[in-house]
There are 2 protein chains.
Amino acid sequence: MPTSNPTTRRKTEQRAAIVDALRKNDRAMTAQELHDLLDSVGLATVYRNLGRLAEDGEIDAIRRPNGETAYRACTAGHHHHLICRNCGLVVELHDCSLDDWGRKIADKHGFVGVEHQAELLGTCEKCANRS
Amino acid sequence: MPTSNPTTRRKTEQRAAIVDALRKNDRAMTAQELHDLLDSVGLATVYRNLGRLAEDGEIDAIRRPNGETAYRACTAGHHHHLICRNCGLVVELHDCSLDDWGRKIADKHGFVGVEHQAELLGTCEKCANRS
DNA sequence: GATCTTATTGATAATGATTCTCGCTTTTAC
DNA sequence: GTAAAAGCGAGAATCATTATCAATAAGATC
Ligand SMILES: [Mn+2]
Ligand SMILES: [Mn+2]
Ligand SMILES: [Zn+2]
Ligand SMILES: [Zn+2]
């Protein structure tokens, strides 16, 4: 078995820089983008911290259509995303009415432990106005 | 610019074999899985045809949590998927009540051209019964 | 403050899915 | 039949992500 997974998290300026960069941005950012921005932080470190922060629920992972994973410093609690497919702007949607929908369908088909995943893709006002 | 993209599609036994394999399976399959199954069809050919078939709307692409893309011969029309996270069984959900939800939220935030994407992940009856 | 333990870092190699190359084969129109 | 072009496939190339591992630094203990 590999080295046991530490439960304690130390404070490092690298992680602080990553969280800070995410907090200052409305868009979701990939590890590569963050590494370009914070050229003092190694690429592997960016990946590691993004993974852990997402694991700890401190940031959200967003899968882009091309397969890359981007991350965003969202507020707490279950929510969904409305994403501009042009500029990447992300709006958090905290009013989720999909639990009923999922539960009903799950029951009908005999599924248990169902969770839903949903996103809205569109063009934001700013991007639409300069087309 | 690269070679212009052909609009005409020729009939080949490779593509037929791929579609046939998908039609015979309730689960979604990756290119690798299909290549293992149909060892007479080259891997690049599997990828090429899956991409085109999805482009043409003849099959559905399903993104797995780990990032791989799997494909399934679904019936026509807009629908969502209820997927067993253990055995991969896929149930098509053709009763979609999410358009209203999406449109309403889009309007509220000034987004246009919004489309939704949603999936349900759970454990199917069969898998739940033998835990 | 010195010292020790070990989480963390980062340059680099490795992985793995997907895409590209390019010469050969097959489909299909004439 | 012939020929133009789509399709094929073995292998090389991409590219995002992960694994290595020696060096560093955070936090605990004295
Ligand atoms: Mn929800
Ligand atoms: Mn729908
Ligand atoms: Zn925008
Ligand atoms: Zn199942």
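Chain identifiers are assigned alphabetically (A, B, ...) following the order of the sequence lines, protein sequences preceding nucleic acid strands; residue numbering begins at 1 within each chain. Note that the structure is predicted; figures quoted are calculated from it, not measured. Computed from heavy atoms alone, side chains included, the values below leave out hydrogens, waters and symmetry copies.
For A:Y47, the listed nucleotide lying nearest its side chain is D:dT18; candidates were D:dG7, C:dA11, D:dT18. Listed nucleotides: C:dT9, C:dT18, C:dT8. Nearest to the side chain of A:Q14: C:dT9. For A:A44, taking side-chain heavy atoms from C-beta onward, the closest of the listed nucleotides C:dT12, C:dT8, D:dA10 is C:dT12. In the set C:dT8, D:dG7, D:dA19, the nucleotide with an atom closest to the side chain of B:T12 is D:dG7. When distances are taken from the side chain of A:E68 to each of D:dT17, C:dT9, D:dG7, the shortest belongs to D:dT17. Among the nucleotides D:dG7, D:dT20, C:dA7, the one closest to the side chain of A:R48 is D:dT20. Of all nucleotides listed (C:dT18, D:dT17, C:dA11), C:dT18 comes nearest to the side chain of B:Q32. Checking D:dT17, D:dA6, C:dG10 against the side-chain heavy atoms of B:R10 singles out D:dA6 as nearest.
Atom-to-atom, CG of B:N49 to P of C:dT27 comes out at 13 Å; the value is rounded to the nearest Å. As a whole-Å value, the separation of B:E13 CD from D:dC8 P is 10 Å. One interatomic measurement links the two molecules: CG of B:L50 to P of D:dC8, which rounds to 11 Å at whole-angstrom precision.
Closest heavy-atom contact between A:R63 and B:P65: NH2-O, 3.0 Å.
A ring-centre distance under 6.0 Å is not found for A:H78 and A:H94.
Within the 4.0 Å cut-off from OP1 or OP2 of D:dA16, not a single side-chain nitrogen or oxygen of A:N66 is found.
In terms of position on DNA chain C, the residue among B:T30 and B:K11 whose nearest nucleotide sits closer to the 5' end is B:T30. Heavy-atom nearest nucleotides on DNA chain D were determined for B:H35 and for B:T8, and the one closer to the 5' end corresponds to B:T8.
One distance of note links NE2 of B:H35 with OG1 of B:T30; it measures 11.5 Å at 0.5 Å rounding.
Within 4.0 Å of B:R64, counting heavy atoms only, lies no atom of the nucleic acid at all.
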